[in-house]
Number of protein chains: 2
Amino acid sequence: MNLRYVIRELGLVMIVLCLCMVAVMGWAAQNWAGGDTDERLAVLALLMSAAVGAVVGLACWLFGSRSGQDYLGRREALLLVAMSWLLGAALAGLPYYTWAWIEHTALVDHIFGSFSACYFEAMSGLTTTGATVLDDVDSIPKGLLLWRAMTQWLGGLGIVVLFVAVLPTLGVGGKKLFQVEAPGPTQQGVRPRIRETARILWLIYLMLTGIQILLLKLAGLNWFDSVCHTFATLATGGFSTHNASIGHYNSWTVDMITIVFMVLAGVNFGLYYQLARRRFGTVWRDPELRVYLGILLLATIIIGFSIYGKTSTLMNGEQRIVGVAEAARQSAFQTVSIQTTTGFSTADFDLWGFVPQAVLVTLMFVGASAGSTGGGIKVIRIMVAAKVMFAELERVFRPHVVRTTRVGTGVVDSEMKQAVLVYILGIIVLFLLGTMALKLLEPAGTLDFTTAATASAASLNNIGPGLGLVGATHNYGFFSAPSKIVLSLLMVLGRLEVYAVLVLIRPAFWSSD
Amino acid sequence: MNLRYVIRELGLVMIVLCLCMVAVMGWAAQNWAGGDTDERLAVLALLMSAAVGAVVGLACWLFGSRSGQDYLGRREALLLVAMSWLLGAALAGLPYYTWAWIEHTALVDHIFGSFSACYFEAMSGLTTTGATVLDDVDSIPKGLLLWRAMTQWLGGLGIVVLFVAVLPTLGVGGKKLFQVEAPGPTQQGVRPRIRETARILWLIYLMLTGIQILLLKLAGLNWFDSVCHTFATLATGGFSTHNASIGHYNSWTVDMITIVFMVLAGVNFGLYYQLARRRFGTVWRDPELRVYLGILLLATIIIGFSIYGKTSTLMNGEQRIVGVAEAARQSAFQTVSIQTTTGFSTADFDLWGFVPQAVLVTLMFVGASAGSTGGGIKVIRIMVAAKVMFAELERVFRPHVVRTTRVGTGVVDSEMKQAVLVYILGIIVLFLLGTMALKLLEPAGTLDFTTAATASAASLNNIGPGLGLVGATHNYGFFSAPSKIVLSLLMVLGRLEVYAVLVLIRPAFWSSD
């Protein structure tokens, strides 16, 4: 294990985070200069946090640079990835904590006064979960909200680069199936190839970001809201700048733009690369894309029928009898928001009754496509598991018939099948452990099973809101500090697809061979 | 597919059931002659049912005998097994229905007046589940209660013979691992070998039955109660002849005898065969036996600590502060009862709070050993899955290291791993589908999630009682007829380890090749 190299790269990650903080600070300083005095504290908090981060980051970088070696192996990559999120969240949460500390005299009991809450909020951003501890988002300085939005955007970009460019190239896990034909030249070494692929993904991400910001601006949002909601949409994060989430605007146009970009963010980014190369056929025939869109459509229809003709409470508190158009709109928005693991809301789906909730909770686990910014188990894994389970039924009465399992044109080998089945079981086990941990860590009788289970599921699958006390109109602020740490761990476990974090607790991972 | 052969054997199964009915009827007739006039209707009901069954059974046998062929292939065996339970339950439920029909004038609204309730009760017996629709067991004629107890005993014997003797010999599924070295001579053909093994298992089962009946009689129970509770214990069924279940006796001795025999019933019956051959080492080193006992002990300790010092409500309604001895007793009894999937109760564990309930629900899914009369996923599958999941963690950073997964001295091949993972996932999927079906089939708002989920889990894993409305002091009578059918299907799916039933819905199973 080349620890020094990992430390050096970790230092770089921190320095990048600090540069982003400084950029946000610049914007907030401009607002402050423009007369928005609330921003003064945000500027100070961001500045102080960036300074701390820069010192630590530079120290790591200098310490690590002395190693001279430049080798990125599997274990180094896994450790770097896990630590980037685990430590990155501590740095990203610093501005919240610093702000509450400066604000102390005025807001003695602000939730950000507890570091576990800041860590939770930052981890929620970097893992693109979008669960918040804030009960009044509108009261937070814009500088901090922009930083909060940006953590999601950085996290989303990081995940796409990681799962489309870095991990498959390193051959980590059985990722081959999840890869839509490696983009970038293949005759080069590992690092140049990763760089080239990452560059393309970065450009695609940037382009989508630009387009959505413009569209939201045209739909009537101000630049700040456009930018923040775009960051939250493309990263499938779900942080809003308003308490009523997207429901704040109560606008068909904003809803539709958000739906389209949530769907786009839940697609394998490798497919955009194929589009850029005009390989439309590859995209059109992609089996995961078809099933992903099919599930979205089916769930929208089921939920639409279930809420049609009933009363739905919008996020702004308005009660509305749901007609055909409204059923389609609310159902499509919430289905897309949950399956892509974004977590925006336009209506309080906690009041929708059993069928819509059962569908939504199922979608939480299904999740978006592999190689997207979305979380969850991922559509392709569900497809593989379904095919394997179906095939197993035949093996009972025809044990000697050997059939190849295919997804599209790709053959699923037995190693991949096992990896997928283990992954799904692992997610279920983590979900149950998370639920139990929350029940045990909170005072007896305060946490109902629905809240505990959906908080665990929504964190592990990087959604954001759940049901009950963590429903669309509520937040995670009431959890005790240990519970917030558990939820943060669930987020990072789900985001990094479990292994990258769990391997760290295996002694063999650290042994020198 | 040799359908005629299946029909002939099915006829035999029905004739055997009828002979057992006649035996029970003989006992009831003796009671009637002895002055117990309640038994008159039971005698009539059993006689009429046996007559109907005998006619249908003989017709099937005669029709099937014309085929001349005598071939038992995989598909024939699977179809025979599935139909034995699905049709057997209809026949076994007939005495209940007939009784309610004769009794009609007096008991207009008796629950057995609905055939779905009778089918449920009979399926619950034959699958050794032990869930009942009766709210007042004590009011039912003894003849019917003995028949009810006997359905469990027959079902338990059938399952042991099936999973230890028949299926492994036919090579169905990947059952090799679950087999403790095939008992019986191996140089013969398939049918003689199955017969020989079945004979040994039958003797072991009979011997254990005799011993427990004697012990319970010595502990002060009358012969009727001794026999019925022995049938329910060794089959891990759980039907009692009293509303308060084993709690009716409130006796340390009865509790301890029941605990020991529940544990024995949850052991792979192949191991008793090894004991009979004085192969003590094989038994002592059996990895599943060790883990099975280890889980029982661990869960007993956890639950014991959780209920210690609190108030526990016994099944007879008595409230008792739980001291050390009482904690050990109640905890051991309930742990053993749930993990072996028996379902007896001595205390109302529905009032025990979160930790004991979480442990008990987990145990419902873990279940007993393979090759026992118990249900659930089975300890050995949990062991294999845990090992595979742990090994998968290593593969992430050492993809080229190939390690053999072992359970004890047996090597788990990749086919077996996949079968185990698929099985566990399948059980989870069926459990969720069952829960949703119950929620949808019952009137909105009448069924809480805990009741729906634990009813589904307790049926699928063949336990009996769940939590909430199906807790230890309640029953399944309130479910609508469609829900009772769903629950009956869950029972038979769990009992026959899913495949034997699910393959029937695959068209390829029926095709002629």
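Chain identifiers are assigned alphabetically (A, B, ...) following the order of the sequence lines, protein sequences preceding nucleic acid strands; residue numbering begins at 1 within each chain.
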Exercise. Going through the checks in order, is the salt bridge (Lys or Arg N to Asp or Glu O under 4.0 Å) test met by A/E392 and A/K417?
Worked result: CA-CA 12 Å; A/E392 196 73 12; A/K417 288 180 194 169; over 6 Å; no
Problem set entry | Pair A/Q418, B/S414: side-chain N/O donor-acceptor within cut-off below 3.5 Å | no
Problem set entry | Residue A/T362 versus chain B: region with a heavy atom under 4.5 Å | side chain
Exercise. In terms of heavy-atom proximity below 4.5 Å to chain B, should A/V355 be classed as side chain, backbone, both, or neither?
Worked result: side chain
Problem set entry | Option passing side-chain contact (heavy atoms from CB on, under 4.5 Å) with B/E76 (candidates B/V6, B/V81, B/L3) | B/V6
Problem set entry | Pairwise side-chain contact, B/V486 with B/F479, heavy-atom cut-off 4.5 Å (strictly under) | no
Problem set entry | A/I428, part contacting chain B, at a heavy-atom distance under 4.5 Å | side chain
Problem set entry | Most contacts with chain A, counted as non-hydrogen pairs under 4.5 angstrom, among B/L440, B/V388, B/I424, B/L421 | B/L421
Seminar exercise, completed: Looking only at heavy atoms, the pair that brings A/S312 and A/V322 closest together is CB-CG2, 3.4 Å
Seminar exercise, completed: When the 4.5 angstrom heavy-atom criterion is applied to A/Y423 and chain B, the contacting part is neither
